Amino acid sequence: MEKIPPRLTSNPILPQESSEAGVVTSVLFSFSPLAIKTRQDSNARPLPQADVASTLVAGVEQSKRITKPKSICTIAVQLTTTTKQNMPANTKKDDPMPFVYVRSKDHAWVPARVLESDGKVATVIVQKYKNEEEMLLNAAKTAGITVQQQVVQLKDYDSGVLPMQNVDDRGKLGDFEDMVNLPYLHEAAILYNIKNRHMKGLPYTRTGDMIVAVNPYKWFDHLYTEKQRKTYAKKLVWDNSESDPRNYLSPHVYETSALAYKGMSFDKQNQSILVSGESGAGKTETVKICMNHLANVQEGPTTGSSSSTKDSSLIVQRVLDSNPLLEAFGNAQTRRNDNSSRFGKYTQLQFDRRGEVGRPVAKLAGSICEPYLLEKNRVINHDSQERTFHIFYQLLAAPEDAKACVWSGLKGKRNADFKYVGATQTTMIEGVSDGDQFLRTTKVLSLIGLGDKVIREFLRALCVVLQLGNLTFGAPGGDADKSECISSKELAGLAKLMDLPESDLSVALTERTMKTKDESYKVPLDPAMARDSADALAKEIYGKLFLWLVNAINKATSAEANYSGGKNKNFGIIGLLDIFGFESFEVNRFEQLCINYANEKLQQKFTEDIFRSVQAEYKMEGVPLAEIKYDDNTDVLDLIEGRTGLCAMLNEECVRPKGSGFGFVNKALAGNRKSPCLVPDMTDRMCFGIKHYAGKVFYNAENFVASNQDTLPTDLQDCASKCSNRLICAAFQEEPDEMPRRGSSKETPKRLRSNIMAPTVWTKYKGQLSHLMTNLRSTNSRYIRCIKPNTLKKPGLMEHNTTVEQLRYAGIVAGVTISRSAFPNRLSNTVVYARYNGMWEKRQYPSVKSRSMSIAEQVKADCEAVLTCALKTKESLEKGGRTVKAFVVGKTRTYFRAGALEYLESQRITGLDAQATAIQKAIRGWLIRKDQIKAAKKKVEDAALAIQAEKERKERLAREKKEREARHLQEMKGYYLEIQALKKRLQEADEDGTRRVEAAKRREEQARQQRDELQSKVHDHDNKTKSEMERLKIRYAANLKLIQQLKKENKKAHKALGKDESIWKDADKRYKRLSHINHESATTFDGLEGDASSVAASNQRLLDKREEALEVNMNLKDKVRKLQSQYMDVAEQRLELQKTMAKILNTIQDGCKDKTLVEHVFCVGHECETESKCLIAKLEIEEAPYDLVMSDTSDSTRLSSSMDLSQISLKYV
Ligand SMILES: Nc1ncnc2c1ncn2[C@@H]1O[C@H](COP(=O)(O)OP(=O)(O)O)[C@@H](O)[C@H]1O
Ligand SMILES: [Mg+2]
């Protein structure tokens, strides 16, 4: 068996063990003295009152680490004094106020901190939260948040103790992947742990082997990738690891599927995965996720594409495809869930465990589905905000031609046209429209091997159900005891659809055949009863169609029918149970009792399994198994299914002629007075209550009898079995409500003919359940508990009250309590020895360890001795005189009974207190001595320092004096040398002065001589100047005369100049005009120049053309010349002719006497001449173009030629 016992690993958020002062803290956190039991009636053992103090101490320890050697008792005292004061609104991070949870009407549990407690009443502070989303304790964030004080009665809490929060020393809530490791394990701790994870987007949490799956209402792609699937398969199935891979894998439903596969294939043990939870919690999704994973795991460690893999993937595809088909017929929209499964199903995946060489591999070979408790009532009735089964909406949303092909009565019909369906606001389920879904459904029907005919027949059968809803009945002739169908058109339609005579159908619906031993007679039904008959028939037909469909699916998917050699094989099974969870509504009816009964059955198995896992752990640790005690629910099951239980009583009431709910309740209460689980309802005798494992539920028995009977009258059965629809007909000829068979339907149908003998719903259901339980018991079960975190279907939000309710219903709290029932606390042996060996009196309680033992055994022996000594006072005597110790030392762990660990802690704290005081004393003495020695040492050091300083000062002064003297000497030497140098320079200056005076005297003498010479020269010069002056005077006089003369000349010239000036002005004007004209002409010239250049260019072009023309001309000239010569020839001929003519004319003129003839001849001659002139003119015209081009060159030629002609003509004239 692949079973890993719950692990006690180190707590990730709390301080770990060490040899220093911090050990005190860690020790206090690794157990759960305050874990509570949630069932009020459970046999929880009360903890000693002293626990309150230890709780408070624990709280202090949590929020305050010991940094100085200080007595723990001092801290406890400090707590008392601090908590007596009124705490400010802004609490400090290191306030020693324990972190607890208190009950809240609106939010189940809210985080709080204890201000003070007297053991009976505690004053706590609770933060004010805006909503539940905010309500995750984070003590470090309390600053600035409004808090309010609240007084709580401790007797309202289990063992009179407030449940502690799992927070670290900063008050931060821990995140535990496995709730077995929660230091404080109780309902509030579980709630806040899963809530914390849910808000972080972590939907899965472990509790030992069980997975708690909170519906995230948001698809997290990263959680379901191929890589994730492979990782879980590899680590949990294919890798052979010594350690538990779950220590490093995050919790996931893949671990459940992987471990199930491993158990089935490696340990050869059939497995089941039980998925439970309320509607909308995510059961069906989870089952699909697991199925997909199992299909992936079976591919093996390396995905190959062998033919066997392909075969099995076909089967996998069929298995997976069958899910939406079942959903179309078995799911409906409810207020809680748009796609709510209205039936339970147990899908058994069949694996071929033949295996391959060296590796036990199991290959998926097929699947079988067993449905449970289809909510048939939904066919005829549903809440206005809900819908009936999806298939009806799909059929009515189908394309019109498809509808007409199924049944002409469907043509043009809408949902509202059928009473069982009615108008709906939703036409899309999970993003797919009803119309599209219809096409998918019919496609899958074909995929599972149904032919078109069968599918049509199947859909026509659904039409029968729809049409039955539209029949209306009335009282014929006012006779209210009888009835007749008054919707004749609808009846006719139905009769045609079923291919039955209208009258037969009408009679079957409005009358009932009663049979006695010897005779049978008919009883008329009133209109209401007739309507009930129609409803009953509709429900029955739908129920049978559903079973037929499941059978068809099984035929297509079962390994027996589809896998080669499948009939003779013993397949490995992994069953997946998707079944409704525990239900408790305002009014609970027969259906709720059935569902809760199933849940009690499953809970029984769950507790057994947990018990087994605890047993396995104890066995492994060598702890006596007799120690495990737990509450089971056999009393509830006895009450329901026992010999005089509710089931038997109800069946009895159903066979009584006038059986009623009232009668059933009376009988049930009378027959089960002693049952601790049956609770009478004092206010309503139609009601009774049952104390279920998940809580008390009151049921209203009003419709119990009718619901339990739910058997179809034989009239209707007979009528239906005659129906032309092969599916309906066959279904009604078979045993009623037969369980789907494995791939074959060839058993002989049996018919039940009596209402009295018909098994009740309850009996059938009980049989189904016990069959399921037998199935499950033959497997190793694994659990997935689905939780619906809020009713708004909103991601990230968790509503406390409904979640806590589900935690209870799912048995999660009960489950963890069982695992801690006998010994609520456990510590590893090494920790026990390290922490409590100070309390061990070795001589009195010697250890039995020996050298031959292993280290673990030696530690175990030491722990035994330590704890026997430390927990002596906690020993008790059994009736037989046997001493019962408060602990059991296992191979690696020590298990403590309730209160034992708390006692040890309090004792150790007292012991530590004395030890701490002694340590403090020694340390203080040592500290003072240390200070004194330090002070004396300092004095000596100071004196030595002073002496040293004086010595250094003197040395420094002497050194400075010496340096000064040396410096003086050096300076004197410098001065002497300077004086010597100055003397030398003085002497040199004297000598230089004498030399200079002598030179000056010489220069004076020379200057005197030069002066004299110059004076004589000046004298000579003066003389010369005087004579020159004379000469100049003469010249001046002459010049003066000349000037006078010139002046006169000048005056004359001046006059002449006046005249020239006017001429000059004139010239100037002209000049200006000329220059202006010049300027303009320059401009014009520029323009002309431009023109000239363009003219030149065009000239050039013309020249070029001329060249060309000349060439042409030359050619033409040649031509002309030729023509001219021709012309000349012609002209000459003509001339000759004219001459001849003239001669003729002259001759005629001269010779002829007939004047008329002469005249006539003359005219002819004239005409000839005119003609010849015209010819000449024409020739000239033809010649003209040539003349133009050759004008310059051939003018003379032309002229001469024309001249010749005129001469000719003149001559002629
Ligand atoms: N693992 C999941 N991840 C995302 N959404 C989920 C998951 N499980 C359930 N849901 C959502 O919750 C809805 C209800 O789930 P379903 O499995 O039909 O509930 P149940 O079968 O318990 O009634 C789904 O339609 C889907 O939207
Ligand atoms: Mg479902």
Side-chain angles (χ1 to χ4, degrees), residues 194 197-205 211-225 228-229 232 250-257 273-293 320 322-347 369-375 378 386-387 389-390 426 428-432 437 546 576-583 591 595 598-599 602 783-799 802-803 805-806 809-810:
I194 61 166
R197 291 176 61 75
H198 173 63
M199 289 171 83
K200 288 185 198 165
L202 302 165
Y204 302 120
T205 309
I211 293 287
V212 178
V214 179
N215 189 345
Y217 283 117
K218 184 183 173 186
W219 190 256
F220 292 119
D221 280 329
H222 67 277
L223 286 180
Y224 310 105
T225 55
Q228 282 276 38
R229 286 206 288 261
Y232 279 83
S250 298
H252 201 299
V253 286
Y254 285 167
E255 86 186 38
T256 312
S257 42
I273 299 174
L274 276 59
V275 186
S276 62
E278 71 167 54
S279 180
K283 300 180 292 293
T284 308
E285 285 296 333
T286 304
V287 165
K288 281 193 258 179
I289 293 167
C290 286
M291 264 195 194
N292 273 311
H293 190 226
L320 299 178
S322 65
N323 273 327
L325 202 53
L326 283 174
E327 285 180 12
F329 288 86
N331 286 23
Q333 186 194 35
T334 64
R335 282 168 192 250
R336 299 174 177 212
N337 182 357
D338 285 354
N339 189 25
S340 173
S341 322
R342 308 315 300 162
F343 67 107
K345 71 169 188 279
Y346 184 53
T347 311
C369 173
E370 281 181 26
Y372 293 90
L373 255 193
L374 176 74
E375 194 191 19
R378 188 167 285 272
E386 298 190 347
R387 303 203 321 175
F389 295 101
H390 294 325
T426 322
M428 298 267 277
I429 295 295
E430 294 185 335
V432 185
Q437 197 61 52
F546 186 71
L576 293 131
L577 183 70
D578 171 359
I579 203 154
F580 10 65
F582 190 84
E583 284 185 355
E591 288 76 20
I595 289 168
N599 277 280
L602 293 169
Y783 295 88
I784 299 175
R785 299 300 206 211
C786 297
I787 303 286
K788 183 177 170 177
N790 61 71
T791 44
L792 308 171
K793 302 175 190 171
K794 196 176 153 190
L797 173 69
M798 184 168 275
E799 291 165 356
T802 54
T803 307
E805 213 166 60
Q806 290 174 69
Y809 293 172

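When a ligand or atom number is given, it counts from 1 through the structure's own listing order. All values derive from a computational prediction rather than experimental measurement. FYI, side chains are in, hydrogens and waters are out, and symmetry mates aren't considered; it's all heavy atoms of this structure.
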Would you be so kind as to tabulate the donor-acceptor pairs closer than 3.5 Å made by side chains of residues 213-221, with sequence neighbours excluded?
from : atom 1 : to   : atom 2 : distance (Å)
N215 : OD1    : Y217 : N      : 2.9
N215 : ND2    : G280 : O      : 2.9
Y217 : OH     : G280 : O      : 3.3
W219 : NE1    : D221 : OD1    : 3.2

Does ligand 1 come near enough to [X] that some N or O of the ligand is less than 3.5 Å from an N or O of the residue?
X	answer
A281	yes
T286	no
W219	no

[atom] [closest protein heavy-atom partner, distance rounded to 0.1 Å]:
atom	answer
atom 8 (N) of ligand 1	E285 CB, 3.3 Å
atom 15 (O) of ligand 1	G282 CA, 3.6 Å
atom 13 (C) of ligand 1	N215 ND2, 4.0 Å
atom 21 (O) of ligand 1	T284 OG1, 2.6 Å
atom 2 (C) of ligand 1	P216 CD, 3.7 Å
atom 1 (N) of ligand 1	Y224 OH, 3.3 Å
atom 18 (O) of ligand 1	N337 ND2, 3.1 Å
atom 27 (O) of ligand 1	E430 OE2, 4.6 Å

### Reported OG1-to-CG distance for the pair T284 and L326, which is rounded to 0.5 angstrom
10.5 Å

### Query
Can you name the closest pair of heavy atoms from D338 and I429 and give their distance?
O-CD1, 3.7 Å

### Query
What are the two closest non-hydrogen atoms of L797 and N790, and how far apart are they?
O-ND2, 2.9 Å

### Query
Just heavy atoms, cut-off under 4.0 Å: does F580 contact ligand 1 by side chain, backbone, both, or neither?
neither

### Polar protein atoms near the Mg ion (ligand 2) [N, O or S; cut-off under 2.8 Å]
T284 OG1, S341 OG

### Task
Classify the ring geometry between H252 and Y224 as parallel (under 30°), tilted (30 to 60°) or perpendicular (over 60°).
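Answer is perpendicular, since the angle exceeds 60°.
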
Side chain proximity check, [X] to [Y], heavy atoms < 4.5 angstrom:
X	Y	answer
E386	R335	yes
Y254	Q228	yes
K345	N323	yes
R197	P203	no

### Message
Suppose we screen for salt bridge (charged side-chain N to carboxylate O under 4.0 Å, His left out). Which residues come up paired with R229, at least two apart in sequence or across chains?
### Response
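By the salt bridge (charged side-chain N to carboxylate O under 4.0 Å, His left out) rule, R229 matches E226.
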
#### Entry: Audit row: E327, K288, salt bridge (Lys or Arg N to Asp or Glu O under 4.0 Å) steps and yes/no
CA-CA 12 Å; E327 285 180 12; K288 281 193 258 179; 3.2 Å; yes

Hey, is [X] one of the residues with a heavy atom under 4.0 angstrom from ligand 1?
X	answer
K793	no
G280	yes
G277	no

### Message
Ignoring hydrogens and geometry beyond distance, is a side-chain donor-acceptor pair present between R387 and T426 at under 3.5 Å?
### Response
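Short answer, no.
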
Distance filter under 4.0 Å to [X] heavy atoms, resulting ligand 1 atoms:
X	result
S279	23 (O)
E278	22 (O)
N339	18 (O)

### Query
Between E278 and R336, does a salt bridge (Lys or Arg N to Asp or Glu O under 4.0 Å) hold up when you go through it step by step?
CA-CA 9 Å; E278 71 167 54; R336 299 174 177 212; 3.1 Å; yes

### Task
Not counting sequence neighbours, which residues clear side chain to side chain contact (heavy atoms under 4.5 Å, CB included) with N337? List them please.
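Result, side chain to side chain contact (heavy atoms under 4.5 Å, CB included) vs N337: S279, T334, N339, S340.
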
### Given F389, F546, F329, the one that forms ring pair (Phe, Tyr, Trp, His ring centres under 6.0 Å) with F343
F546

